[in-house]
Amino acid sequence: MSESEHELLNGLTDAQVDAVTTTDGPLLVLAGPGSGKTTVVTRRIAWLLAQGIPSWQLLALTFTNKAAGEMRDRVDALLPGASGDRRGLTIMTFHGFCARLLRQYPDEARVPSNYSIYDTTDRRAALKQAIRNAGLDSGNWTPASVGEAISQCKNRLTTAEQHDDGGGDFYTRSIGRIYREYQAILDRNGALDFNDLLLKVAVMLRDDDETRQALQDRFRYLMIDEYQDTNQAQFVIASSLVGPQRNICVVGDPDQSIYGWRGADISNILDFEHQFSSAKVVSLGRNFRSTGHIVEASAGLIRRNASHRERTLHTELGDGDRVVVAGAADEHDEARQLVDLFRDQFMAGTPWREMAVLYRINALSRVLEQAFRDGQIPYVVARGTAFYERAEIKDALSYLRLVVNPRDEVALRRVINTPPRGIGKTSMDRVEKYAILNRLGLGEAIGNADQVPALTARAKAALGRFDEMVEAWRADADGGSLLLDLPDFVSRVIRESGLEKSLRTGASEEDIARLENLDELVTAAAEWTPPPTPDDDEQTILQQVASWLESIALVSDADMVDPENGSVTLMSLHAAKGLEFDVVAMAGFEQGLLPHARSLEDDIEREEERRLCYVGMTRARRTLHLSHAHRRTVRGITERTMPSQFLGEIPADAMDRQDDDDPWGTGITPVSTADWQVGATVRHPTFGLGMIRRVVPRPRGTTATVEFLEYGHRTLLVAQSNLEIVDPDEHPWEGIDIPI
DNA sequence: CTTTCGCGAATTTTT
DNA sequence: TTCGCGAAAG
């Protein structure tokens with residue numbers, strides 16, 4: 001072994017060495033929290049390079065840009081001097097990789113070469129239209145529910161044409177109809193949604209032997225991070241990329257699978273050994289991150305999952321502090337407590353950037369932000385996408401999208417009259433009618449506005465000006481004129497579109513903020529560096545815009561966590577995956593919030609909530625602080641809350657309960673829902689025997705609706721009702737007919 | 001055509 | 001509480 005090779009294995013555990021040096025054949029690395037996953041992946045890449053594998057044969061896929069960036073940086077750090085080694089190394093997000101392949105193989109993948117990527121908002125607009133087109137009532141068919149159904153289809157690679165229709169029930173039939181309408185809109189607009197990025201690539205790789213072969217030839221070594229969060233489409237992509245050498249290495253942890261709702265299929269990781277026979281499995285069992293009580297607390301919690309596979313994780317960092325559980329009067333009190341906690345930690349020497357507050361829903365950040373501002377604690381909210389969701393930013397980006405892709409009608413409709421330029425609904429309806437009649441796209445129809453008989457002269461003129469403006473941009477951007485650079489072009493569009501002017505005239509506080517945001521967008525364009533092109537050729541502005549828009553569409557919240565900045569990080573539990581901090585506070589540790597109310601009725605979903613909680617807890621290195629409020633105001637309504645059931649599932653001796661006192665004397669104690677199952681037989685001192693029909697965790701405590709033999713059904717607070725569970729064998733319901 | 005107002009519905013998590 | 005939509009006024 002050479003010296004540099006030796007260095008790559010320095011300080012690794014046996015299991016880690018095994019994972020790093022197993023280069024050939026399928027490999028599954030089960031990496032619990034803090035087990036040095038990134039270290040293993042990066043050293044493995046460096047190891048492969050040290051074996052003389054050309055860098056361009058390596059492909060590493062992650063879920064977030066941040067993870068990809070970190071991986072790149074750490075590989076760089078491992079490579080001595082010669083940065084030439086890593087040129088051609090492909091470390092990308094799954095979606096980014098797919099977007100790039102689609103630009104490279106538009107014909108093979110059957111996508112337009114200048115496609116738009118529709119984000120959640122655009123998609124909503126397209127869905128609404130699809131529901132209308134399908135002739136269904138938008139009251140019963142919400143874009144959210146329909147969108148979810150369609151996503152599921154796409155994740156399973158079921159296309160609109162393939163959607164099962166015959167004989168199906170009304171629901172399935174309708175979804176199929178909306179799906180086809182929706183897809184027709186996307187096709188007509190030359191647009192792809194997030195699912196399409198994966199689906200189009202998966203289908204291409206599955207069906208096009210030549211392309212698959214070419215990619216297999218190029219990428220000899222495949223690595224996939226967070227494998228537990230891959231969906232069906234991603235599995236197809238991964239397995240198609242794997243050539244005959246079967247060099248695929250996946251890294252993940254089933255206990256950290258938190259994207260089931262987005263189609264992630266946990267069986268991908270559970271069945272890996274089955275799907276890739278003779279796969280080697282390496283389990284990383286040592287936790288390098290957290291101290292003992294934190295490991296014990298989180299391990300105790302996750303063990304409650306029926307789907308959990310027993311394993312041991314040990315730490316050699318000592319017991320450390322117990323997990324503090326704090327109660328607060330309300331969310332403001334809770335926030336103030338956290339301010340105090342963080343200030344204390346800071347005084348004791350912890351830098352701000354080593355602290356984080358995690359919460360289940362983004363809505364919780366408001367109150368926290370307020371308190372942090374008042375308490376003069378520097379903070380950042382990790383919400384990468386928020387900036388790009390602002391109306392003025394979306395407007396500006398829609399103009400740019402329209403320049404790149406003239407067929408993008410969602411973008412077109414958004415900006416046609418923003419700012420107002422005299423093209424109202426009536427005129428647009430007329431244009432649309434004309435477009436349909438003449439089988440033109442909406443954009444083309446606008447180009448021929450003066451041919452549309454129904455339009456007023458005024459409207460024709462306004463439409464003509466709009467069309468000229470966009471055409472002029474398009475011509476300049478595509479003219480190969482390199483006189484203009486990207487930020488210049490962006491600022492020109494903001495100016496000439498009238499966006500800037502419309503905000504400048506109104507001088508409200510709000511408008512000034514919007515103007516600043518637009519400036520920031522130009523700055524972002526200036527700071528953006530285009531990805532390297534295959535042949536290093538000069539890109540036209542148009543290509544740069546397209547590429548920039550793509551990168552914007554694919555940013556995630558987690559990407560915004562900047563390790564350099566000296567601020568406390570506030571973020572959702574989902575965004576926290578893969579990160580770690582010295583001090584972690586989890587706010588809103590309440591029933592209905594974590595686990596979330598929408599998951600209480602379903603065991604599978606509740607298990608995912610538990611995993612989410614596990615992910616949060618395991619982000620902490622040495623201090624973990626869990627807090628709940630006794631009442632909380634949601635959507636303007638104040639409600640009493642009760643502590644999360646998860647508190648009852650964490651081993652008591654790993655915790656320091658400071659929330660015992662009950663400031664309202666409600667006497668509410670969390671009730672383990674485990675014993676109170678629907679169908680259980682119970683006895684009540686006055687009502688006698690009955691059967692549980694329904695169990696609902698409520699702010700005032702868990703309630704059970706019981707069908708009593710002699711008194712009919714009653715809903716009772718479990719904690720106060722003196723109900724006792726009766727062994728059914730003891731009192732069989734012999735010959736007694738219980739009404740349902 | 002544009003603006004404003006009032007009502008109703010809704011938010012879990014995100015590439 | 002906030003957002004989005006539709007109706008009515010300007």
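Order of the sequence lines fixes the chain letters, A, B, ..., with proteins taken first and strands second; residue numbering starts at 1 for each chain.
Rounded to the nearest 0.5 Å, atoms CZ (A/Arg632) and CD (A/Glu331) are 5.5 Å apart.
Here B/dT11 presents its C1' atom at 7 Å from NE2 of A/His596, a figure rounded to the nearest Å. Between A/Leu463 atom CG and B/dC1 atom C1' there is a gap of 13 Å when expressed in whole angstrom units. A straight line from CG of A/Asp557 to P of B/dT14 spans 5 Å, rounded to a whole angstrom. Spacing between atom CZ of A/Arg458 and atom C1' of B/dC1 amounts to 8 Å, rounded to whole angstrom units. Protein atom CD1 of A/Ile637 is 14 Å distant from nucleotide atom P of B/dA10, rounded to whole Å. The distance from atom CD1 of A/Ile361 to atom C1' of B/dT11 is 7 Å, rounded to the nearest whole Å. Going from atom CZ of A/Arg598 over to atom P of B/dA10 covers 9 Å, rounded to whole Å. Protein atom NZ of A/Lys66 is 16 Å distant from nucleotide atom P of B/dT14, rounded to whole Å.
The pair A/Arg413-A/Glu432 meets the salt-bridge criterion, with a side-chain N (NZ, NE, NH1 or NH2) lying under 4.0 Å from an Asp/Glu carboxylate O.
In this structure, A/Asn65 does not reach the B/dT15 phosphate: none of its side-chain N or O atoms is under 4.0 Å from OP1 or OP2. Checking the phosphate oxygens (OP1, OP2) of B/dC1, a side-chain nitrogen or oxygen of A/Thr426 falls inside 4.0 Å.
Inspection of the A/Arg206 and A/Ser239 side chains reveals no N or O donor paired with an N or O acceptor under 3.5 Å.
Annotation: cation-pi geometry satisfied between A/Arg103 and A/Tyr115 (NZ/CZ under 6.0 angstrom from ring centroid, within 45° of ring axis). For the pair A/Lys577 and A/Tyr259, the cation does not sit on the ring face, since its NZ or CZ is not both under 6.0 Å from the ring centre and inside 45° of the axis.
Ring pair A/Phe97/A/Phe219 is perpendicular by interplanar angle, where above 60° counts as perpendicular and below 30° as parallel. Using the six-membered ring where Trp is involved, A/Phe589 and A/Phe646 have ring planes that are perpendicular, over 60° apart on the 30 and 60° scheme.
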Scoring nucleotides 1-10 of chain C by protein non-hydrogen atoms under 4.0 Å (B base, S sugar-phosphate only, - none) yields BS--S-----
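At the heavy-atom level, A/Thr93 lies nowhere under 4.0 Å from the strands shown. As judged by a 4.0 angstrom heavy-atom cut-off over every strand, A/Thr64 is placed among residues making no nucleic acid contact. Using a 4.0 Å heavy-atom criterion, one finds that A/Asn362 contacts the sugar-phosphate atoms exclusively. Counting non-hydrogen atoms under 4.0 angstrom, A/Asn195 reaches nothing in the nucleic acid. Contact annotation for A/Arg421: backbone-only contact, meaning every heavy-atom pair under 4.0 Å involves sugar-phosphate atoms and none involves a base. Among the protein residues, A/Phe63 comes within range of the sugar-phosphate backbone only, with heavy atoms under 4.0 Å from sugar or phosphate atoms but none that close to a base.
Toward the 5' end of DNA chain B, the nearer of the two residues A/Trp261 and A/Ala144, judged by each one's closest nucleotide, is A/Ala144. Each of A/Gly422 and A/Leu554 was matched to the nucleotide of DNA chain B holding its nearest heavy atom; the match closer to the 5' end belongs to A/Gly422.
We find that the ring of A/Tyr259 and the base of B/dT14 do not stack by the test of centres under 5.5 angstrom and planes tilted less than 30°.
Shown are A/Leu455, A/Val452, A/Asp450; of these, the side chain to side chain contact (heavy atoms under 4.5 Å, CB included) with A/Leu463 is made only by A/Leu455.
In the set B/dC1, B/dT15, B/dT2, B/dC1 carries the atom at the smallest distance from any side-chain atom of A/Ser427.
B/dT11 sits 22 Å from C/dG6 when the C1' atoms are compared, rounded to a whole Å.
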